Amino acid sequence: MSADFWAGYISGAAGILIGNPLDLIKVRLQASPSQPAPSVSTFPTRTSPTVPYTTPFTSASSLIRGATAPILGYGALNALLFVTYNRTSSLLNSQNPLGATAPASLWTTWIAGAIGGLATWVVSTPTELVKCRAQISNSAATASSWGITRDILRREGVRGLYFGGVVTALRDSVGYGFYFWSYEITTRLMEKKMRERGGEVVRGDGLGEAAKVLLCGGLAGVVTWASIFPLDVIKTRVQTQQYQQLPLPTAAEGAPLLAAESQAVPRKVGAIEIARNAYRTEGAGVFFRGLGVCSFRAFIVNAAQWAVYEWIMNELDPKRKVATTSKTSADDVQS
């Protein structure tokens, strides 16, 4: 497989291991209401979870609660993201009149990132669903990613794993557009500053380059989450709705892959209704609850993730250093 596939996969898995404890707090802050849940007339079949965000750290294992699905899923998601982004960016910039060594347009960078984010929908929706439900659980017995996945399949079938898929796809598309855009623009600004101080800029070499990647990667993570945080709050609440307890099939092995029509699943509240009810009962501030924790986590995780990605790419594809140096020279000509 290509270098960007493995670089994306490994960096994605590393990011989850580093950021899962803070992500756990973020999800609980988003899912928990700031005041008593609305009356039964507002939510006839469910209530919002009221799991305190301070309870997850009762044991060492709780620090990685919900991490199994993201480690496997987010590694694949990140690989798919970077492969799609790189291919789309190359395609969009293939007709550049300045040639292949010219720096990519920031506009096409955003579009390529948005397309890459949209492509991750098939992986990100079930991964986020399982992760969020595991993270709001108070019981270790019910917080197993595999147990939650099996339960969803028994109750609702494969379609149940893609509940909240529309808002997740929108969040990922917009967010990853800003992700690559902000990384590229901050990288160019940093390289410009480094050139002004003298010396050749070669991506992947030296302590200064490592510091630049860490800083630009961290800032890209913060910008991304700031741009989509309200959508992420809505997505979390959609995917962590609490349902009435349904009897499991008496013979699990005979349960259909898709949800049986005879199994009555309570009506689920959609993203628009979730957003409307949240705003009406808790105000606009609910859409930014947990942003501080998320931004802190985003900086650390994405700094490390970009550093791992760039390091692996330079190890697996040494010619990349030459190509990026040529683009830097072309950028000099344009400026």
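All values reported here derive from a predicted model rather than from experimental measurement.
The pair Glu128-Lys131 counts as a salt bridge, with a side-chain nitrogen and a carboxylate oxygen less than 4.0 angstrom apart. Taking the charged nitrogens against the carboxylate oxygens, Glu282 and Arg237 do have a contact shorter than 4.0 Å, which makes a salt bridge. A salt bridge links Lys212 with Glu209; the closest basic N to acidic carboxylate O contact falls under 4.0 Å.
Taking CZ from Arg171 and OG1 from Thr125, the interatomic distance works out to 8.5 Å, rounded to the nearest 0.5 Å. Going from atom OG1 of Thr186 over to atom CD of Glu191 covers 9.5 Å, rounded to the nearest 0.5 Å. Atoms CG and CG, on Asp172 and Leu118 in that order, are 8.5 Å from each other to the nearest 0.5 Å. One finds the SG atom of Cys132 at 5.5 Å from the CD atom of Gln239 (value rounded to the nearest 0.5 Å). Atom CZ of Arg159 sits about 12.0 Å away from atom CG of Leu153, to the nearest 0.5 Å. Rounding to the nearest 0.5 Å places CG of Leu81 at 6.0 Å from OG1 of Thr120.
Note: the hydrophobic cluster containing Trp311 also contains Ile10 (ILVMFWY, side chain heavy atoms under 4.5 Å, direct or indirect links). In terms of hydrophobic clustering, with Ile, Leu, Val, Met, Phe, Trp and Tyr side chains grouped at heavy-atom distances under 4.5 Å, Leu91 and Phe5 are assigned to different clusters. Linking Ile, Leu, Val, Met, Phe, Trp and Tyr residues whenever their side-chain heavy atoms come within less than 4.5 Å places Val233 and Phe163 in a single cluster. In this structure, Leu291 is a member of the same hydrophobic cluster as Val286, with clusters built from ILVMFWY side-chain heavy atoms closer than 4.5 Å. Both Ile300 and Val293 are assigned to one and the same hydrophobic cluster, defined by single-linkage of ILVMFWY side chains at heavy-atom distances under 4.5 Å.
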### Task
Please assess Tyr179 against Asn302 for the test side chain to side chain donor-acceptor pair (under 3.5 Å), listing each intermediate value before the final yes or no.
CA-CA 10 Å; Tyr179 185 61; Asn302 287 281; 2.9 Å; yes
#### Entry: Intermediate values then yes/no, side chain to side chain donor-acceptor pair (under 3.5 Å), Asn93 and Ser105
CA-CA 8 Å; Asn93 291 284; Ser105 163; 5.8 Å; no
### Task
Please lay out, stage by stage, how Asn78 and Ser11 fare under the test side-chain contact (heavy atoms from CB on, under 4.5 Å).
CA-CA 8 Å; Asn78 222 44; Ser11 63; 3.1 Å; yes
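Residues Tyr176 and Thr224 are not in side-chain contact: their nearest non-hydrogen atoms beyond the backbone lie 4.5 Å or more apart. Counting heavy atoms from C-beta outward, Thr240 and Gln135 have side chains that stay 4.5 Å or more apart. Looking at Ile228 and Trp225, their side chains come closer than 4.5 Å, going by heavy atoms from C-beta outward. Taking 4.5 Å as the limit, some side-chain heavy atom of Cys216 sits within range of a side-chain heavy atom of Met190. Contact annotation: the side chain of Phe299 approaches that of Leu219 to within less than 4.5 Å [non-hydrogen atoms, C-beta and beyond]. Between Leu231 and Lys235, every side-chain heavy-atom pair lies at or beyond the 4.5 Å cut-off. By the 4.5 Å heavy-atom criterion applied to side chains, Val166 and Leu170 are not counted as neighbours. The closest side-chain heavy-atom distance from Ile185 to Leu106 is below 4.5 Å.
Few gaps surround CG on Leu316; more than 12 heavy atoms of other groups in view lie less than 6.0 Å from it.
Looking at every heavy atom in both residues, Ala275 comes nearest to Ile234 through CB-CD1, 3.6 Å. Shown here for Gly175 and Ser227, the closest heavy-atom pair between the two residues is CA-OG, 4.4 Å. Leu29 and Gly290 get closest at one heavy-atom pair: CD1-CA, 3.7 Å. Closest non-hydrogen pair, Gln305 versus Gly15, comes out as OE1-CA, 4.0 Å. Residues Leu214 and Ala304 approach most closely at CD2-N, 4.3 Å, considering heavy atoms. Taking both residues in full, the closest heavy atoms of Ser89 and Ala112 are given as N-CB, 3.8 Å, listed atom of the first, atom of the second, then distance.
At distances below 3.5 Å, not a single donor-acceptor pair connects side-chain atoms of Arg133 with backbone N or O atoms of Ile148. Listed for the Asn314 side chain is a donor-acceptor partner under 3.5 Å among the backbone atoms of Glu310. A donor-acceptor pair is defined here as one N or O able to donate and one able to accept, closer than 3.5 Å; such a pair exists between the side chain of Ser173 and the backbone of Ala114. Of the possible donor and acceptor atoms, one in the side chain of Gln241 sits under 3.5 Å from a partner among the backbone N and O of Val269. Of the possible donor and acceptor atoms, one in the side chain of Thr281 sits under 3.5 Å from a partner among the backbone N and O of Asn277.
Proximity of the aromatic rings of Trp110 and Phe180 is defined here by a centroid distance below 6.0 angstrom, and this criterion is not met. Annotation: Phe229 is not in aromatic contact with Phe287 [ring centroid separation under 6.0 Å not met].
For the pairing with Asp4, the side chain to side chain contact (heavy atoms under 4.5 Å, CB included) check across Tyr309, Tyr85, Tyr9 returns one residue only, Tyr309.
In this pair, Tyr162 and Trp121 present their aromatic rings tilted. The plane angle is within the 30 to 60° band.
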